[in-house]
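What you see is a predicted model, and the numbers here were worked out from it, not measured in a lab. Letters A, B, ... are given to chains in the order of the sequence lines, protein chains preceding strands, and every chain is numbered from 1.
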Amino acid sequence: VRPCTICASLATKVFVQRDYSDGTTCQFQTKFPPELESRIERQLFEETVKTLNGFYAEAEKIGGSSYLEGCLACATAYFIFLCMETHYEKVLKKISKYIQDQNEKIYAPRGLLLTDPLERGMRVVSFGQRGAWGMARVKGDWAWVLGNWAGPSHR
Amino acid sequence: MSVMVARKKVVRKWEKLPGRNTFCCDGRIMMARQKGIFYLTLFLILGTCALFFAFECRYLAVQLSPAIPVFAAVLFLFAMATLLRTSFSDPGVIPRALPDEAAFIEMEIEATNGTVPQGQRPPPRIKNFQINNQIVKLKYCYTCKIFRPPRASHCSICDNCVERFDHHCPWVGNCVGKRNYRYFYLFILSLSLLTIYIFTFNIVYVALKSLKIGFLNTLKETPGTVLEVLICFFTLWSVVGLTGFHTFLVALNQTTNEDIKGSWTGKNRVQNPYSHGNIVKNCCEVLCGPLPPSVLDRRGILQQEESTAQEGSCLRGPGTQEPPATQGPGQAQEGGMKQQDGSIPLPSAVPAPSVADTEKPEEKQRTPGELPVPPPDAGRAEH
């Protein structure tokens, strides 16, 4: 008999929302969610979110190099993007590697799974319960496992 | 397992995306549903330019300079490239919330507002944020079940929330939003220049030729000229005006949507918090700023089993879309279930966008056999 998925998934995941205080740039709230109180140290959580915020700030940085890229792309009628990766895409790859790294080192030992915000349309960073059957290794950049809630430890 | 059917159809995520878009080239191209006016735009541009190159250019290249058709060709190619980029790219659609995220947000809202009795429409859900010392309200989108980021708006024609929504343009057959605004602006700019160019050189052609063979004879020889001049004349008034308007918007870092609603004008309104206060900076940010990639993973593979009633929509990769929003709660639960069950086989086939898709079908066929067994056991073991 399968447990109620909607109820289970409510308890399974914690979503860290976007922080719009600095405009429309992609930043996530560093406020520590109470649901993670017993699962992870506050400092580690804050460090992860702050590093992610730093990466996104780097991706969206408006400066000399981004202008150069924009002007060059415009001059080639944007055909250059057929062969070249944008700066943003490069940083997103770095982010996914970082998230994978964090999951291996910090979150998996605590039975949690951090998902890449890109999978959620850059709206939230979600912390989920890692499934009992473990993390599947995937080809490509994003590790994805959806866990089932281990009931007893949270009753 | 006999439940798992050997026949697996490779279904890509774009086929299951909610919203009223059409997709072409297996998800590479994304447009609105109504494309008629877009075809008209294409026809007008291609037709006028074809006439120009075929008739006037031949005469002018010889009489004046061969640079004339060359420059026209460059302008034409640039206009076409930017038009196609605007029409075919993702304007910055925000994927709808998956059931778990939507439920989480509902919980948060209920915690703040309290539950509303059944049958009553809940009050509009608004969150207040402070951006650069201005209070900006975030609205909750009932269709997409998310709090819309600032400057995002829901396009009723495409039924999607779009970031930095400008407007829905039927002439390009797509919404204009964060990701394709610069292409749109460059398109109308280059089209204005092209129109002015063709108009001017048509006049020059008629003037030059009239000197030799007379005005009426010129028109009889190349009747296309009249047509071109007419089209250019009407296009000039509309497109050049539009370019001027959008130049104004770019300089102030505003969107058409905000301008129409008067978000930043009027004495009781807040000032535009997104403007840098400097025209050059605003232009640079809007036109040359970093280009965010699409978060809709249109070409990611969605595993679809052809067995029984369960239509699994298993999550994978970035920008996942959950069809259960349109399929109803019963299916949503099954979809959710499928996620958990499907997590083992699917992640092994989860594609990063850059990874070749050809690997996936083989991997998918390998793993499904394990599907039904682990979750119930794991669940029971934990209980």
Side-chain angles (χ1 to χ4, degrees), chain A residues 1-6 9-10 12-15 17-18 20-24 26 59-62 66-67 69-71 73-74 77-79 81 86-89 92 96 116 118-124 126 131-133 135-148 150-152, chain B residues 77-78 81-82 85 94-95 97-101 103-104 107 129-132 136 138 146 149-151 164 183 186 273-274 284-285 287-293 295 315-320 332-333 336-337 339-340 343-344 347-348 350-352 354-355 359 374-376 378-379 381-383:
Chain A
V1 177
R2 288 166 173 158
C4 165
T5 45
I6 300 292
S9 41
L10 270 184
T12 302
K13 299 231 196 79
V14 173
F15 296 98
Q17 304 284 340
R18 285 270 293 270
Y20 293 114
S21 58
D22 214 17
T24 49
C26 184
E60 297 182 1
K61 195 177 68 146
I62 305 170
S66 73
Y67 291 151
E69 192 185 50
C71 290
C74 176
Y78 298 98
F79 281 107
F81 287 146
T86 65
H87 173 66
Y88 210 112
E89 284 167 347
L92 285 179
S96 66
D116 194 330
L118 194 62
E119 296 169 22
R120 298 273 183 176
M122 312 272 257
R123 285 191 310 273
V124 286
S126 76
W133 52 90
M135 195 138 107
R137 272 271 156 259
V138 304
K139 277 195 193 167
D141 301 301
W142 290 275
W144 174 259
V145 167
L146 192 56
N148 203 343
Chain B
L77 288 172
F78 193 81
T82 44
R85 266 263 174 185
I94 306 173
L98 301 172
D100 47 8
E101 190 189 333
F104 187 86
M107 242 179 28
F129 269 95
Q130 202 178 31
I131 298 179
N132 296 342
V136 174
L138 289 195
I146 54 168
R151 313 191 91 177
R164 203 188 183 276
Y183 307 135
L186 290 170
Y274 310 108
C284 286
E285 188 200 321
L287 301 177
C288 305
L291 186 68
V295 291
L315 300 175
R316 51 173 79 227
T320 50
Q333 290 223 355
M337 293 299 285
Q339 287 174 25
Q340 301 194 9
S343 62
I344 302 171
S348 63
V350 171
S354 50
V355 176
E359 311 169 46
E382 269 152 341
H383 289 290

Query - Partners meeting salt bridge (charged side-chain N to carboxylate O under 4.0 Å, His left out) with B:R151 (sequence neighbours left out) - result: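 B:E258.
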Of the non-hydrogen atoms in [X] and [Y], which two are nearest, and what is the gap between them?
X      : Y     : value
B:L291 : A:T86 : O-OG1, 4.2 Å
B:P290 : A:Y88 : CB-CD1, 4.3 Å
A:F79  : B:A81 : CE1-CB, 4.0 Å

**Report entry** Interchain contact, A:A59 with chain B, by part (heavy-atom threshold 4.5 Å)
**Finding:**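 Only the backbone of A:A59 comes within 4.5 Å of chain B.
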Query raised in the report: Under a 4.5 Å heavy-atom cutoff, which of A:F81, A:Y78, A:Y67 has the most pairs with chain B?
Result: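 Highest number of heavy-atom pairs under 4.5 Å: A:Y78.
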**Report entry** Separation between SG of A:C74 and CG of B:L287, rounded to the nearest 0.5 Å
**Finding:**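 If I round to the nearest 0.5 Å, the distance is 8.0 Å.
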Query raised in the report: Where on B:L186 is there a heavy atom nearer than 4.5 Å to chain A: the side chain, the backbone, both, or neither?
Result: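 Just the side chain, heavy atoms under 4.5 Å.
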Query raised in the report: Sub-3.5 Å donor-acceptor pair from the side chain of B:R85 to the main-chain atoms of A:A77, do we have one?
Result: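 It does not hold such a pair.
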Query raised in the report: Looking at side-chain heavy atoms only, is the closest gap between B:P293 and A:E89 below 4.5 Å?
Result: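 They are in side-chain contact.
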Query raised in the report: Can you check whether B:I146 reaches A:R123 side chain to side chain, under 4.5 Å on heavy atoms?
Result: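 SC-SC contact between B:I146 and A:R123 confirmed.
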